[in-house]
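To find a chain, count down the sequence lines: A is the first, B the second, and so on, and within it residues start at 1.
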Amino acid sequence: MGQIVLNKVQKKFGDVEVIPPLDLTIADGEFAVFVGPSGCGKSTLLRLIAGLEDVTSGSIQIDGKEASDAPPAKRGLAMVFQSYALYPHMSVRKNIAFPLRMAKMDKAEIDKRVTSAASVLNLTDYLDRRPGQLSGGQRQRVAIGRAIVREPSAFLFDEPLSNLDAALRVGMRLEISELHKRLDTTMVYVTHDQVEAMTMADKIVVLQAGVIEQVGSPLELYHTPRNVFVAGFIGSPKMNLIEGALAEQHNAKTIGIRPEHVQVATTQSDGALQGTVGVAEHLGSDTFIHIHGVAGCDPMTVRAAGDVTVRHGDTVYLTPDATQIHRFDNDGIRIP
Amino acid sequence: MARAVTNTRKTVNTVIAWSIGLLIFFPILWTILTSFKTEAQAINDPPLFLFFDWTLENYAAVQERSNYMRFLWNSIIIAGGSTLLGVIIAVPAAWSMAFVPSKRTKDILLWMLSTKMLPAVGVLYPIYLIFIQLGLLDTRVGLVVVLMLINMPIIVWMLYTYFREIPVEILEASRMDGASLRDEILYVLAPMALPGIASTVLLNFILAWNEAFWTLNLTAAKAAPLTAFIASYSSPEGLFFAKLSAASTMAIAPILLLGWFSQKQLVRGLTFGAVK
Amino acid sequence: MATQHSRSAARLMMAPAVILLLGWMLVPLTMTLYFSFKKFLPLRGDSLGNGLEWVGLENYSRFVGSSSFWPSVQATLIIVGSVLVITVVLGTLLALLLDQPMWGQGIVRILVITPFFVMPTVSGLVWKNMFMDPINGILAHLFKFFGAQPLEWLSQASMQSIIMIVSWQWLPFATLILLTAIQSLDSEQLEASEMDGAPVLKRFWHIILPHMSRAITVVILIQTIFLLSIFAEIFVTTAGAFGTKTLTYLIFQRVLESQNVGLGSAGGVYAIILANIVAIFLMRIVGKNLDR
């Protein structure tokens, strides 16, 4: 139902090519996340799918139908905007009903759908308020409500959580994931936050400068990043990327080791790297230790389970898990 | 600024501001007062302020000399019609400029404004000839069209500045929601820009109401609005201050009331949306 | 940032306004230009139907050659310039005053704004008769009260009188725009400068005035547009006598009173050129301000 296929899609603004020709298939019912640093073209890509921008060349198929030239309204997609884009002069009820009204649906059916959407999203008590009287989280839910009543073939989310505070963001993240499980509809979600990508996605599309760096499930990206960029972008804290002598020992230009794959000890052992503690961040469940003095990687970050008592200036010894070392060649491409 | 202001200072401000305000308002106040005097009292030396024999005879006399209601009706039709027509044509144009800007948008806006600088007198005779040809001379339709055209740049300009304050995302959301262009403008843009549209309508209604070049030169009797009604009092015949005042009061009263009641909206409009 | 759909829709929706204004500008302009090279005296039987005699640049040279031409340009510029200076300066002062805390601010604002609503024919007549009449006008009474000889305003001080009337009409506009600008000034900025120990005058000069520059530009732009073509105020007061004949009024007289369309059209072209000089100058400023 909600399959989206991009075929050699290219976008230029004037002479500037923001998205070089690109192929991508998003399967029906899949939760796809476009992630990348700001300016990587992920929002443009979403707007191309939505029909808010024209493709310069290439084609977009939705549900197996050619949609490149269809206006937004005819694509059967619903979109949730970063700023929510609610209609400030309408009540919540009217906001949610608007797409149905535009579709000339009959009154009873509109009421039924609005009521059910409101109850799903806990908005029943707010139906007669204006968006201006709601909190950020509630507004976000109204925007989602407006999207789900249309029963679209796919949902598009453009950084929907970035205007919310941290606590609310975690809650909404769960709600959207739950919604996806329940509706089982295709969702395309744009974010710059790799945590959102990892926690929500079935499929992550990592973009940089309009180019797809890698497509895969969250764990594929985590375990086998295709290149240095993906390796550094996915995972928190970031993967340690080490160049120089240490990398050459592994016959690579660069090697990467995730903070959680490094053992830290205060006593010396064979083959361990030596360093000095800069800052130790205690989260209770984990401790992130930033270590200076390791050749080719400064600072090196280590994630130790539980509470580890090290202080600024302490000398520590690091042992990377040899099975978890990622190797990259001169072009930054993964060596299998 | 949440700071205590001394009462003395506030009193001084109040006194000065009220004095200046009343001074500026005085010519209008004096006109209104004089309209209720007899002609003899109107030129009494020293001038009479409040203690005179209030009378309505001047209003009756003015009404007898010229049919006020006809002029009033012409003013309403001409000012209202030109404003309404102007807004209907300008809203789509302003939408285009505000939400689908191109490299030429700014040039078009400035060009539109520059047509307003075209001295009316420079094109008076051609318009006069065209009006005769089309049988528009001394008709309300003719004036509606002319005033619509001379106010169009201002209407477009004002609507453009108001529209630009509305986030594009909301219009895009309505497009995603299946709204056609007409729906988008009618159900989303217009209600959101309503205060701005109201200011625009008000200001242009007043400008059209008070427009005195074209209304004086393109009308004779049938379509003459209040500007012409009052201009007929420019040649004095004997004692006529009181009657002039009555006629003046009748000519400005409708717009004065409108202006006072919509003052808030109007002040916003007065800035032509260019000053926040 | 838009699709082909919306771009073509935009062109379509801009078309009516652009086409109408283009027609409104070009058609009469072409006709005026055409007439300006012709002998065209409708009262002597000249008409478009009979064909008009080509006279080359004669109308142009006669219009400039007339003794009224340069005085009319001068009168125009003096009126526009004086009114601009008076309204901007007094408007700024008044706006600063109205921004102060006081009782009944709303009412004072209504009092101040009211002249803007008064149609020019009315304000011209009211000022001419009830204020500037040398025998029965209020100003005459006032002069006599102080033992002075009443002035024959519209003949002895004709320009000053016209400038006074027009300034009275436009002062509300200037004041309200400038007041809006002052009220939008971030009070933190003022407080910071106060903390820095800047005296009142310096504060006005370095903070308030620069902040108001955009508003002042707007006032000057809009007022110039309207002032260049003031007509009714002169029409009902001096009828162009006593040195108050502006370029607009001179052309009006040529065309409608002496019915010399060719000559008047040449004058119209001059007026258009004058307006364009002013316009180019103003558009530069506004164009720059638009980007902000």
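With a 4.5 Å cut-off on non-hydrogen atoms, V27(C) touches chain B through its side chain but not through its backbone. Proximity to chain C is limited to the side chain of I252(B), based on heavy atoms less than 4.5 angstrom apart. With a 4.5 angstrom heavy-atom cutoff, I185(B) touches chain C only via side-chain atoms. Proximity to chain B is limited to the side chain of L97(C), based on heavy atoms less than 4.5 angstrom apart. For Y249(C), no part sits under 4.5 Å from any heavy atom of chain B, backbone or side chain. With a 4.5 angstrom heavy-atom cutoff, L94(C) touches chain B only via side-chain atoms. Using a 4.5 Å cut-off between heavy atoms, V236(C) contacts chain B through both its backbone and its side chain. Contacts between S265(C) and chain B at a heavy-atom distance below 4.5 Å are absent for every atom of the residue. Looking at F252(C), both its backbone and its side chain come within 4.5 Å of chain B, counting heavy atoms on both sides. Heavy-atom distances place no part of Y270(C) under 4.5 Å from chain B, backbone and side chain included.
The side chain to side chain contact (heavy atoms under 4.5 Å, CB included) test with M102(C) is passed by exactly one of V12(B), I16(B), V15(B), T14(B): T14(B).
I24(B) and W168(C) get closest at one heavy-atom pair: O-NE1, 2.9 Å.
Side-chain N/O atoms of W103(C) and T11(B) include no donor and acceptor closer than 3.5 Å.
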